[in-house]
Amino acid sequence: MGLDRRLIFGLCTVILPNISGVVSHDTDTLYRRSADDCKPLVIAHRGASGYVPEHTLGAYALAVTMGADYVEPDLVMTRDGYLIARHENQLSVTTNVDQHPEFADRRRTQIINGRLVSGWFSEDFTLAEIKTLRSKEAIPFVRIGNVRMNEAFQVPTLQEIVDLIKVLEISENRTIGIYPEIKYGTHFQQIGLAMEELVVDVLHKNGYVGRSAPAFIQSFEVTNLKKLKEITDIRLIQLYGARSSSPYDQVLLGSSITFGYMATPEGLADVATYASGVGPEKGYIIPRNLLNNLDTPTSFVKDAHAVGLEVHPYTFRAENVYLPREYQMNDINGLGNLAQEIKAFIDTGIDGLFIDHPDKLISIRGKCKKN
């Protein structure tokens with residue numbers, strides 16, 4: 001971790017001062033601010049992934065120094081049972097595994113959540129082998145600037161992310177939350193690498209215990225969230241995919257439940273029996289019209305709040321290609337007016353949001369003071 005540590009320091013001292021809109025933090029106050037003191041929560045989606053390749057210690061560290069309340073690692077498993085931070089278990093998207101001839105014979109094809117996927121998979125590698133790989137930018141044609149940091153960082157474990165957070169809490173003089181997502185829960189259960197209990201064990205061991213802990217665990221599936229509710233009091237978040245699709249575990253169970261149903265008042269009431277909040281794709285809250293402009297807000301936030309659920313939509317990104325048309329500016333490959341999109345969603349009453357550019361939300365919310 002020595003090289004990663006030097007790179008992290010460089011990012012936070014060189015990149016950060018050149019990013020507009022970043023405000024000072026609470027190091028001048030006498031209290032230690034909780035991760036949940038101010039709303040909406042700033043949830044750094046895969047770290048500050050708009051500036052640094054996702055799911056790296058550099059991305060998480062930069063997010064924290066920008067003021068993020070929570071960092072969000074997606075979790076997959078290694079062959080020898082370690083939790084590592086990757087959005088996909090297929091490694092060639094975000095690592096240089098295809099440049100390692102010693103692993104050429106590991107490339108294979110398998111079915112993941114009903115889809116045929118080819119590549120190199122985390123479950124076929126030990127942690128020691130994963131540590132020989134280097135991370136790279138996941139969307140290089142959109143985030144060209146991040147490509148310069150390709151192969152600068154290793155793939156971190158969940159424990160390494162927690163260790164980083166604990167160190168940064170000292171320099172930031174505040175509590176920093178962690179918000180892991182269990183990826184492909186059913187898939188990993190089927191191959192004998194279930195991660196639900198392991199995630200809870202790591203969090204509990206590091207002091208994240210109970211509903212007041214600065215932690216959430218999220219999943220697109222339902223069964224594993226219900227299992228988690230039986231073994232931990234850490235807050236749980238039900239994620240929402242496309243309205244017409246179903247959680248993969250429900251598909252295998254033959255259930256007719258769709259994410260669309262789960263967004264109705266009745267469906268939200270069901271979710272509230274096992275989860276503390278919901279993480280919908282942001283179109284559930286403000287859909288877009290045929291011109292790709294924001295349309296009229298729905299009742300989703302009001303309906304979720306009515307049954308006691310927090311609402312944390314995803315994903316807010318500053319690049320024009322991801323923004324509603326009315327907030328796009330200049331070159332389609334450049335950055336647009338993310339601030340206006342954020343303000344529109346804050347007006348709906350959301351409690352937090354997943355964002356690739358944490359500084360953009362910090363600049364709108366302003367310096368956070370304890371309520």
Subject >> Arg108/Asp124 ion pair, N-O < 4.0 Å >> reply: yes

**OP:** Under the salt bridge (Lys or Arg N to Asp or Glu O under 4.0 Å) rule, collect the residues that match up with Arg243, sequence neighbours excluded.
**Re:** none

Original post:
Would you call Asp69 and Arg33 a salt bridge, using N to O less than 4.0 angstrom?
Top reply: yes

**OP:** Please indicate whether Lys226 has more than 12 foreign heavy atoms, meaning atoms of other residues, nucleotides or ligands, lying under 6.0 Å from its NZ.
**Re:** no

Original post:
What closest approach, in Å, do Pro180 and Leu75 show between heavy atoms, and which atom pair accounts for it?
Top reply: CB-CD1, 3.7 Å

**OP:** State, with a plain yes or no, whether a side-chain heavy atom of Leu338 is found less than 4.5 Å away from one of Ile355.
**Re:** yes

Original post:
Taking atom types as modelled, is there a side-chain donor on Glu169 or Thr175 under 3.5 Å from an acceptor on the other?
Top reply: no

**OP:** Taking the side chain as every heavy atom from C-beta outward, state whether Ile178 and Tyr70 have any atom pair closer than 4.5 Å.
**Re:** no

Original post:
When the ring planes of His55 and Tyr60 are compared, do they come out parallel, tilted or perpendicular, using 30° and 60° as the limits?
Top reply: tilted

Subject >> Glu341: partners by salt bridge (Lys or Arg N to Asp or Glu O under 4.0 Å), with sequence neighbours left out >> reply: Lys282, Arg288

Original post:
Do Leu294 and Val321 belong to the same hydrophobic cluster, where Ile, Leu, Val, Met, Phe, Trp and Tyr are linked whenever their side-chain heavy atoms lie under 4.5 Å apart, directly or via other members?
Top reply: no

Original post:
Just checking, any donor-acceptor pair under 3.5 angstrom between side chains of Asn146 and Glu137?
Top reply: yes

Original post:
Side chains of Glu310 and His312: is there a donor and an acceptor less than 3.5 Å apart?
Top reply: yes

Original post:
For Arg317, which residues count as a side chain to side chain donor-acceptor pair (under 3.5 Å) partner, sequence neighbours excluded?
Top reply: Asp356

Subject >> Partners passing side-chain contact (heavy atoms from CB on, under 4.5 Å) against Ile231 (at least two apart in sequence or in another chain) >> reply: Glu197, Val200, Leu228

Original post:
Who passes side-chain contact (heavy atoms from CB on, under 4.5 Å) against Pro265, sequence neighbours left out?
Top reply: Asp303

Original post:
How about Glu54 and Thr56: does a side-chain donor come under 3.5 Å of a side-chain acceptor?
Top reply: no

Original post:
Are any non-hydrogen side-chain atoms of Thr157 and Ile161 less than 4.5 angstrom apart?
Top reply: no

**OP:** Just jot down the salt bridge (Lys or Arg N to Asp or Glu O under 4.0 Å) partners of Lys183, sequence neighbours excluded, or say none.
**Re:** Glu181

Subject >> Rounded distance (nearest 0.5 Å) linking atom CD1 of Ile170 with atom CD1 of Ile165 >> reply: 13.0 Å

**OP:** Determine whether Tyr322 and Ile342 fall in the same hydrophobic cluster, where Ile, Leu, Val, Met, Phe, Trp and Tyr are linked whenever their side-chain heavy atoms lie under 4.5 Å apart.
**Re:** no

**OP:** Might you point out which heavy atoms bring Arg365 and Cys38 nearest each other, and give the distance in Å?
**Re:** NH1-O, 3.5 Å

**OP:** Would you please indicate if the ring centroids of Phe316 and His45 are separated by under 6.0 Å?
**Re:** no

Original post:
Is Gln90 reaching over with its side chain to a backbone N or O of Val117, donor-acceptor style, under 3.5 angstrom?
Top reply: no

**OP:** Only counting residues at least two apart or in another chain, list the ones meeting side-chain contact (heavy atoms from CB on, under 4.5 Å) with Leu253.
**Re:** Thr223, Gln250

Original post:
In terms of hydrophobic clustering (I, L, V, M, F, W, Y; side-chain heavy atoms under 4.5 Å; direct or indirect links), are Tyr248 and Val76 co-clustered?
Top reply: no

Original post:
So, does Glu281 use its side chain to make a donor-acceptor pair with the main chain of Gly283 at under 3.5 Å?
Top reply: yes

Original post:
When you look at Tyr184 and Glu88, which way does the side-chain contact (heavy atoms from CB on, under 4.5 Å) test go after all the steps?
Top reply: CA-CA 9 Å; Tyr184 313 117; Glu88 304 88 8; 4.0 Å; yes

Subject >> Distance-only side-chain donor-acceptor flag, Arg86 / Ser135, under 3.5 Å >> reply: yes

**OP:** Begin from the C-alpha positions of Leu236 and Gln218 and carry the test side-chain contact (heavy atoms from CB on, under 4.5 Å) through to its verdict.
**Re:** CA-CA 6 Å; Leu236 307 176; Gln218 52 177 328; over 6 Å; no

Subject >> Check against side-chain contact (heavy atoms from CB on, under 4.5 Å), Gln159 and Val202 >> reply: CA-CA 7 Å; Gln159 184 60 55; Val202 172; 3.8 Å; yes

Subject >> No-hydrogen, no-angle side-chain donor-acceptor test under 3.5 Å, Tyr327 and Asn320 >> reply: no

Subject >> Lys/Arg N to Asp/Glu carboxylate O, Arg143 vs Glu319, below 4.0 Å >> reply: yes

Original post:
Do the side chains of His305 and Asp351 get nearer than 4.5 Å, heavy atoms only?
Top reply: yes

Subject >> Pairs satisfying ring-ring contact (aromatic ring centres under 6.0 Å, His included), at least one member in residues 266-292, at least two apart >> reply: Tyr240-Tyr284, Tyr284-Phe300

Subject >> Glu151 with Arg134: basic N within carboxylate O range, under 4.0 Å >> reply: no

Original post:
Does a salt bridge link Arg235 with Asp36, judged by any charged N lying under 4.0 Å from a carboxylate O?
Top reply: yes

Original post:
Quick one: are Glu196 and Ile182 in side-chain contact, heavy atoms under 4.5 Å?
Top reply: yes

**OP:** For Ile176 and Ala35, work out which heavy atoms get closest and say how close.
**Re:** C-CB, 4.3 Å

Original post:
How far apart are the closest heavy atoms of Asn289 and Leu291, and which atoms are they?
Top reply: OD1-N, 2.9 Å

**OP:** Can you run down the ring-ring contact (aromatic ring centres under 6.0 Å, His included) pairs that involve residues 107-135, sequence neighbours left out, and say none if there aren't any?
**Re:** Phe103-Phe125

Subject >> Smallest separation among heavy atoms of Gly352 and Ile43, with atom names >> reply: C-CD1, 4.5 Å

Subject >> Listed partners of Thr126 passing side-chain contact (heavy atoms from CB on, under 4.5 Å), at least two apart >> reply: Arg79, Asp80, Ala128, Glu129

**OP:** Just jot down the side chain to side chain donor-acceptor pair (under 3.5 Å) partners of Arg325, sequence neighbours excluded, or say none.
**Re:** none

**OP:** Could you verify whether a donor N or O on one side chain and an acceptor N or O on the other, from Ser219 and Asn224, lie under 3.5 Å apart?
**Re:** yes

**OP:** Could you list the residues that satisfy salt bridge (Lys or Arg N to Asp or Glu O under 4.0 Å) with Glu326, not counting sequence neighbours?
**Re:** none

Original post:
Got Glu72 and Asp74 here, is their nearest side-chain heavy-atom distance under 4.5 Å?
Top reply: yes

Original post:
Is Leu127 close to Ile84 at the side-chain level, that is, under 4.5 Å between some pair of heavy atoms?
Top reply: yes

Original post:
If only atom types and distance count, is the side chain of Lys131 paired as donor or acceptor with the main-chain N or O of Val155 below 3.5 Å?
Top reply: yes

Original post:
Does the side-chain hydrogen bond (donor to acceptor under 3.5 Å, both in side chains) test come out yes or no for Arg107 and Ser118, once each step is laid out?
Top reply: CA-CA 7 Å; Arg107 192 178 193 280; Ser118 297; 4.7 Å; no

Original post:
Applying the 4.5 Å side-chain criterion to the ILVMFWY set and letting contacts propagate, would Tyr179 and Val209 be lumped into a single cluster?
Top reply: no

Subject >> Joint cluster assignment, Tyr261 & Val222, ILVMFWY side-chain distance < 4.5 Å >> reply: yes

Original post:
Side-chain contact, heavy-atom cut-off 4.5 Å: Ser245 with Thr258?
Top reply: no

**OP:** Quick one: closest heavy-atom pair of Gly81 and Leu198, and the distance?
**Re:** O-CD2, 3.3 Å

Subject >> Thr186/Glu221 under side-chain hydrogen bond (donor to acceptor under 3.5 Å, both in side chains): CA gap, chis, key distance, verdict >> reply: CA-CA 8 Å; Thr186 294; Glu221 298 188 359; 2.7 Å; yes

